[in-house]
Amino acid sequence: MNSEEHGFTQGEQGPRVRSVNHRELRANADFVLYWMIAARRPFFNSALDRAIAYAGKLNLPLVILEPLRCDYPWASDRFHRFVIDGMEENRQAFAVAPVTYCPYVEPAPGTGRGLVDALAERAAVVITDDFPCFFLPQAVEQMGRRLAVALEAVDGNGILPMSTADRPFSAAVHFRRHLQQHLREVLRCAPSATPFKDVRLKTLGPLPKSIRSRWPSASTALLRGEQGSLDSLPIDHEVSAVAMRGGWSRARRRLRAFVSRHLSRYAEGHKHPDDRATSRLSPYLHFGHIGAHEVFSAVMKHEGWSLRKLGLKATGQREGWWGVGAGAEAFLDQLVVWRELGFNTCAKNADNYENFESVPNWAQQTLAKHLGDLRPHLYSHAQLERAETHDPLWNAAQREMLRAGWCHNYMRMLWGKKILEWSPSPQQALATMIAIMNRWSLDGRDPSSYSGYMWTLGKYDRPWPEREVFGTVRSMSSANTAKKVRVKNYLRVR
DNA sequence: ATCGGCTCGCGCAA
DNA sequence: TGCGCGAAGCCGAT
């Protein structure tokens, strides 16, 4: 899976790199530091490439710190287990690379404080990941102000670097056209599939004892996922670990299975929850256990694609532009267009991407007009969270989220539309969606999840005939959904 | 089973 | 300035 095979050339990272604090590199430093906070993977990682390039140029060792706080919103056994699974697989990958890898799991709130600062004091430069959502933008800005050394954030999120667009997009078709105009050039700033190939770096060995004793690496028990190893952490134990396990090699296995078994029939199959034909890669993409370029590369290899197959006219057309089979066309629209539209939205609306005010005016107005409509079903946050409604199909989607930590894409739309219908106000519906999906779904707290919440409230969409409660916002019904898509087995899952 | 109409605003062609 | 068209819908007519 070599990215060059598909027309990528490497090393042109400019559009992905952002100086956070405009400070200088430190002379007489001991190493280069990669503060890995979003792209938690050892391959196809633009920030890692940047850090390796610095270490080579400065003739210094590379230290990779992968931390996990215990006090971020919705921290739970579920997310900890998944992230720590990833740490163990990263440990194995980095054990055979010329780097010092430090997985750190914070044992109590605040105990991790000062670790990045202490390492940065010895670093020539600090590289980190540029993720436009959740608490990460603020954490990176704060760190930039605090550090005396240069901090660079690298955007390894998608095929299209966020800096390529200077504005938000109100509809997928506009973003799709923009992507079609820029795809050829952005494929030149792709990350390496084999970042350590032909790279010789100085090595450091273990960190100084002063640092190791105050911030010891994650224990073997934690990394191996031993029973009870999360019990002492002050996180939400009610949200338990799930069958889906984290890490780059599990992500890669899932990718291979999806491409070989489901990709060719994805265009039709992805609609039907019973078919289980979707990739289920979103948790891995969210935590950075797999990169968009690796997924793209595997899909295109399967399709025998090359740059020559791309359409010539960037019209925003949904099908046929990539020049691959219908299944791959439909999947790429998800992976690249819809996923990266979400990153664009968060990046260009940093202040309000999680607020009701970011849905278009026509939708805000029509929902306001229907605030007084009779709502035959009103459920509390707790009833919804426990899947206790009168609607078996909706309950099934919510149960899937509780049990599997994930939910079928098509069902998420119905899930959100019904929460809008069953809530006293759209603002409260949004708050409920955020609270439930961010808490239970492994891929919550991601630009794509926020795009989904906002879509149910009318964002990226157009008006439809006026109805109770929804106004002219598009509605969905469980009865129609059950008629259109196969849900027989889905309903049986308890 | 299939089809048209519903409704707003954006971006492009003219 | 006008025109075409849009994440996955719903409803009623044929």
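In what follows, chains are A, B, ... by sequence order, proteins preceding strands, each numbered from 1. What you see below is based on every heavy atom in this structure, not just the backbone, and it leaves out hydrogens, waters and symmetry mates. In this text the structure is predicted, and so the values were computed from the model without any measurement.
Regarding A/Phe470, its CZ atom lies at a distance of 14 Å from the C1' atom of C/dA8, rounded to whole Å. Look at CZ on A/Arg462: it is 5 Å from C1' on C/dG6, rounded to the nearest Å. One atom, NE2 of A/His174, and another, P of B/dC8, lie 17 Å apart when rounded to the nearest Å. Taking atom NZ of residue A/Lys418 and atom C1' of nucleotide C/dC10, one finds them 12 Å apart after rounding to whole Å. Distance A/Lys271 NZ to C/dA8 C1': 8 Å, rounded to the nearest Å. Across the protein-nucleic acid pair, A/Trp464 atom CH2 and B/dG4 atom C1' stand 12 Å apart, rounded to whole Å. Here B/dC10 presents its P atom at 15 Å from CG of A/Leu341, a figure rounded to the nearest Å. When the P atom of C/dA8 is taken as reference, atom NE2 of A/His272 falls 15 Å away, rounded to whole Å.
Looking at heavy-atom distances under 4.0 Å, A/Ala172 makes contact with sugar-phosphate atoms alone, never a base. Nucleic acid contact for A/Thr315: none, since no nucleic acid atom lies under 4.0 Å from a heavy atom of the residue. Contacts of A/Thr472 with the nucleic acid, taken as non-hydrogen atoms under 4.0 Å apart, are absent. The residue A/Gln334 sits close to a base: some heavy atom pair falls under 4.0 Å. A/Asn409 comes within 4.0 angstrom of a nucleotide base, judged by non-hydrogen atoms across all strands.
Residue A/Asn480 has a polar side-chain atom (N or O) positioned under 4.0 Å from OP1 or OP2 of C/dC11. A/Arg167 has a side-chain polar atom (N or O) that falls below the 4.0 Å cut-off from OP1 or OP2 of B/dG11. In this model, the phosphate group of C/dC5 is not approached by any side-chain N or O of A/Arg177 to a distance below 4.0 Å at OP1 or OP2. In this model, the phosphate group of C/dC10 is not approached by any side-chain N or O of A/Ser475 to a distance below 4.0 Å at OP1 or OP2. Between C/dC11 and A/Arg467, a contact under 4.0 Å exists linking OP1 or OP2 to a side-chain N or O.
Separating the P atom of C/dC10 from that of B/dG9 is a span of 23 Å, rounded to the nearest Å. When the P atom is compared between C/dA8 and B/dA1, the two are found 22 Å apart, to the nearest whole Å. Spacing of P atoms, C/dA7 relative to B/dT2, comes out at 23 Å, to the nearest Å.
Below the 3.5 angstrom threshold, one finds a donor paired with an acceptor across the side chain of A/His270 and the base of C/dA8.
Both geometric conditions, a ring-centre gap below 5.5 Å and a plane tilt below 30°, are fulfilled for A/Trp338 over the base of C/dA7.
In A/Arg184, the CZ atom is crowded: over 12 heavy atoms of neighbouring residues, nucleotides or ligands sit closer than 6.0 Å.
Under the 3.5 Å distance criterion, with hydrogens and angles disregarded, a donor-acceptor pair is assigned to the side chains of A/Gln92 and A/Glu88.
With A/Tyr460 as reference, A/Trp338 is the one residue of A/Tyr453, A/Trp338, A/Tyr450 to meet the ring pair (Phe, Tyr, Trp, His ring centres under 6.0 Å) rule.
No side-chain heavy atom of A/His237 sits under 4.5 Å from any side-chain heavy atom of A/Ser76. Using a 4.5 Å heavy-atom threshold, the side chains of A/Arg40 and A/Phe82 count as separate.
B/dC3: Watson-Crick or G-U partner is C/dG12, with both key distances under 3.5 Å.
Scanning both residues, A/Pro161 and A/Pro15, for their nearest heavy atoms gives CB-O, 3.8 Å.
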